[in-house]
Amino acid sequence: MAASNMEQIVSLCKRRGFIFPGSEIYGGLQGTFDYGPLGVELKNNLKRLWWRHNVYERDDMEGIETALLTNRYVLRYSGHEKGFSDPLIDNRTTKKRYRFDHLLKAQTPEVLTLLAEAFNLPADTDGESLADALLQEPEKAETALKAAKVIDSADGKPGDWTQPRSFNLMFKTQVGPVADEESFAYLRPETAQGMFVNFKNVLDSTNRKLPFGIAQMGKSFRNEITPRNFIFRVRELEQMEIEYFVFPGDDEAVHESWIQDHMDWWVNEVGLSRENLKLFEHIKLSHYSKRTVDILYNFPTLGFDELEGIANRTDWDLGSHSRAQDTLPLSANTAEKAMKNEHSVEKLTYFDDKTKKHIVPFVIEPAAGVDRGVLAALCEAYDEETLENGEVRVVLRLKPALAPIKVAVLPLKKNEPDIVATAKRIKNTLMAEGNMRSVYDDSAGIGKLYRRQDEVGTPFCITVDFDTLGRSNTGDNTNEGTVTVRDRDTMQQERVKIDDLLPYLQARLK
RNA sequence: GCGGGAGUAGCUCAGUGGUAGAGCGCUACCUUGCCAAGGUAGAUGUCGCGAGUUCGAAUCUCGUCUCCCGCUCCA
């Protein structure tokens, strides 16, 4: 059983130190969250699994880590500077909000003509161009929209429109000591561009042949209009992205194989159940995409929503960042729509030894949200189990590889110095020799200690008792040198020799 | 940005003008031989922030900030 509503997860996360609201003592900052002591472990574990699967366990991948700040031209030629914003407008009467360009496209030709006239534009100017023009002069636009009787489809009547406003979804920041118009940079809204602009560097330094890919994990920033739903939509997020380069023509099959591979990864390694996952085929594609398929997870409260997007970006990005584009064999869409590049000093091409020709590879991009992955893992693992005695046990059934704490070592009695010393020694050994994040806790009775560990997903608890010391009250000392190991999911216990603990646990934590 | 809801202990919340509360959690000690046990003691709050009304404000009024839900957006 997974979590049935998000509040359960939010509450547990704060109480036990997984995730806190950002800047909380100053009233918070919408769209930011801080990872606590357990959260950082969980998140790092998820990232480690991803890196291992996508980089180490394949023969065709290289990792990279690029700067969050980029030359402003990177995000100009990628299309973000122009396209990564949403013009919005409100109707005061119906309280509805619309994408401004969508609103205009839905109007009759007569209305559009009136608007065009008001702005001294040709009578047949289309909705999108009109939207661009009107956004330049919002006050004048407000008057013109009312005069032209722009209709709100919600009630079929002319709306009481506000000024149209443009929301740029990228954060801008100042670079260097002199604050002028030329000295700004954008915080990247996706890690992808760092991989495209380093395409040649990776190719030249590794001698890779197609097909091969570049992987990167890192922070991205999006000035979301409405951050919502805990860490699902945030303004500062972390991504796990791959740009996989292939010969044009191979792209469709490779795209399909990444979709299947990553669907399986979420199930087999993160532990999400297949019935809580599904694929979503994008109908309306972004400017660079030939096909985009999302992997959706069934989040509590939200329902199915995006966990990972896997896009066929064609040769759009490499083509867009290249100089002398008219000399390149670009696909029709890219050749037609890409901005003419007047700043790049490089052709982002690949020399094919077989045909002896320079080509522009196509790119398949699996892009997942780390924070969304953490949230999905938490939601999936959350369980409230009713025990035989009627009590309810909260347990996070995380995959052992994801669990923030692998082993808790507990003393049956904390006022018995030999038990305490033995427990602490075991804990230190597991950490030092087994590299297992382990903790010692004696701040409550044994039952409560178990439940605390259940709640944060610790797979195993080790308990040191009098038998361990050879001081059994029954006089039977056959268990000397052993401890009990309790399994999180079954609550079953097993006596294991201290000397065998490391291999015993390692075998079960895989 | 508009509409609605909310902000009181770590968490969940009660408290409609008169001493700041409960449950759980937390700390210490006692007890306890394995699944949130019991006892005793204890700590924890500018009642989001600011102003106003009042003898007196968590409570009423105004302002403000933040969060949540919906609309819109989500490459």
Side-chain angles (χ1 to χ4, degrees), chain A residues 6-8 10-17 20-31 78-80 82-100 102-103 154 160 162-165 167 169-170 189-190 192 220 222-230 232-234 237 282 284-289 292 294 301 305-306 309 311 313 316 365 367 369 387-389 391-395 410-416 419 443-455 461-468 471-474 483-484 486 488 491-493:
Chain A
M6 200 72 94
E7 289 309 310
Q8 294 172 313
V10 174
S11 177
L12 175 66
C13 281
K14 169 144 194 213
R15 189 159 44 82
R16 296 306 308 271
F20 309 121
S23 311
E24 196 178 12
I25 64 166
Y26 288 106
L29 178 63
Q30 207 183 13
S78 70
H80 286 85
K82 181 169 184 299
F84 199 58
S85 65
D86 290 324
L88 300 178
I89 188 165
D90 295 302
N91 181 352
R92 297 187 185 93
T93 311
T94 61
K95 310 297 183 193
K96 295 285 182 186
R97 165 171 289 183
Y98 296 95
R99 269 278 297 263
F100 185 46
H102 293 179
L103 177 73
D160 180 10
T162 62
Q163 294 181 16
R165 296 175 309 275
F167 285 75
L169 301 183
M170 288 198 291
E190 59 176 16
S220 292
R222 302 179 181 190
N223 191 20
E224 297 284 356
I225 300 163
T226 322
R228 278 293 153 85
N229 296 314
F230 197 36
F232 182 81
R233 174 163 296 115
V234 286
L237 57 131
H282 278 235
K284 200 176 162 228
L285 297 169
S286 40
H287 59 284
Y288 55 70
S289 174
T292 300
D294 288 347
T301 309
D305 215 328
E306 184 180 356
R313 293 178 78 129
W316 173 269
E365 178 193 76
L387 303 174
E388 287 176 10
N389 63 9
E391 284 182 13
V392 174
R393 174 174 85 118
V394 174
V395 51
L410 315 170
L412 190 63
K413 285 172 72 77
K414 65 174 166 179
N415 53 2
E416 186 56 49
I419 287 182
S443 63
I446 190 70
K448 190 180 290 187
L449 293 179
Y450 285 149
R451 296 299 167 81
R452 270 190 201 154
Q453 296 301 328
D454 290 341
E455 197 178 48
C461 289
I462 290 171
T463 301
V464 177
D465 58 13
F466 284 106
D467 287 16
T468 310
R471 284 160 50 189
S472 172
N473 59 354
T474 64
V483 291
T484 62
R486 171 194 180 266
R488 176 195 69 197
M491 298 197 289
Q492 296 297 309
Q493 288 176 272

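Values reported hereafter were calculated over all heavy atoms of this structure, with side chains retained and with hydrogens, waters and symmetry mates removed. Every chain is numbered from 1 and lettered A, B, ... according to where its sequence line falls, protein lines coming before strand lines.
For the C1' atoms, the distance linking B:U31 with B:U40 amounts to 11 Å, nearest Å. Rounded to whole Å, the P atom of B:C47 lies 10 Å from the corresponding atom of B:U59. If you take atom C1' in B:G52 and the same atom in B:U66, they sit 23 Å apart, rounded to whole Å. Rounded to whole Å, the C1' atom of B:U12 lies 11 Å from the corresponding atom of B:G25. Annotation: B:U27 and B:C73 have their P atoms spaced 49 Å apart (nearest Å). When the P atom is compared between B:U8 and B:C49, the two are found 10 Å apart, to the nearest whole Å. When the P atom is compared between B:U54 and B:A20, the two are found 22 Å apart, to the nearest whole Å. The separation of B:U19 from B:G15, taken at their C1' atoms, amounts to 14 Å, rounded to a whole angstrom.
Here the side chains of A:Lys413 and A:Phe466 are in contact, with some heavy-atom distance below 4.5 Å. A:Pro411 has its side chain out of reach of A:Val464: every pair of non-hydrogen atoms, C-beta onward, lies at least 4.5 Å apart. Residues A:Glu455 and A:Val395 have side chains not in contact (no heavy-atom distance under 4.5 Å, counting atoms from C-beta outward). Within the 4.5 Å cutoff, side-chain heavy atoms of A:Arg452 are placed close to those of A:Ser443.
The side chain of A:Thr463 approaches B:C34 more closely than any other nucleotide in the set B:C35, B:C34, B:C11. Each of B:C35, B:G33, B:U12 was ranked by its minimum atom distance to the side chain of A:Tyr450; first place goes to B:C35. Closest to the A:Glu455 side chain, of the nucleotides B:U12, B:A36, B:C34, is B:A36. Considering only the side chain of A:Arg486, B:C35 comes nearest among B:C35, B:C34, B:C11.
A:Arg313 places no side-chain N or O within 3.5 Å of a backbone atom of A:Tyr288 that could act as its donor or acceptor partner.
Applying the side-chain hydrogen bond (donor to acceptor under 3.5 Å, both in side chains) rule to A:Asn229 yields no partners; only residues at least two apart in sequence or on another chain are considered.
B:A22 and B:U12 make up a base pair, with Watson-Crick or G-U wobble contacts both under 3.5 Å. Pairing of B:G17, defined by two Watson-Crick or G-U wobble distances under 3.5 Å, is not identified with any nucleotide. The partner of B:G33 is absent, by the rule that a Watson-Crick or G-U pair needs both atom distances under 3.5 Å. With both pairing distances under 3.5 Å, B:G3 is matched to B:C69 as a Watson-Crick or G-U wobble pair. The partner of B:U40 is B:A28, judged by Watson-Crick or G-U wobble contacts that both fall below 3.5 Å. For B:G52, the paired base is B:C60 (Watson-Crick or G-U wobble, both distances below 3.5 Å).
Atom CG of A:Leu387 and atom P of B:A36 are 8 Å apart (whole Å). Rounded to a whole Å, the CG atom of A:Leu12 is 18 Å from the P atom of B:G10. Rounding to whole angstrom units, CZ of residue A:Arg393 and P of B:A36 are separated by 11 Å. Whole-Å rounding puts the A:Asp454 CG to B:C35 C1' distance at 8 Å. The CG atom of A:Leu449 sits 11 Å away from the P atom of B:A36 (whole-angstrom rounding). One atom, CG of A:Leu103, and another, P of B:C73, lie 11 Å apart when rounded to the nearest Å. The interatomic distance linking A:Phe100 (CZ) with B:G1 (P) rounds to 19 Å, in whole Å.
Contact check, A:Lys413 against B:G33: a side-chain N or O comes under 4.0 Å of OP1 or OP2.
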Reading nucleotides 67-72 of chain B from the 5' end, what letters show protein touch, with B for base, S for backbone sugar-phosphate only, - for no heavy atom under 4.0 Å?
SSBBBB
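In this structure, A:Pro21 reaches neither bases nor backbone, as no heavy-atom distance under 4.0 Å exists between it and the strands shown. A:Arg16 comes within 4.0 angstrom of nothing in the nucleic acid, heavy atoms only. A:Gln493 comes within 4.0 angstrom of a base, heavy atoms only.
For A:Thr484 against B:C34, a side-chain-to-base donor-acceptor contact under 3.5 Å is present.
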Considering only nitrogen or oxygen atoms on both sides, find all protein atoms under 3.5 Å from nucleotides 22-31 of chain B and state each distance.
residue, atom, partner, partner atom, Å
B:C26, OP1, A:Arg452, NE, 3.3
B:C26, OP1, A:Arg452, NH2, 2.1

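A salt bridge (charged side-chain N to carboxylate O under 4.0 Å, His left out) with A:Asp454 holds for exactly one of A:Arg488, A:Arg486, A:Lys448; it is A:Arg486.
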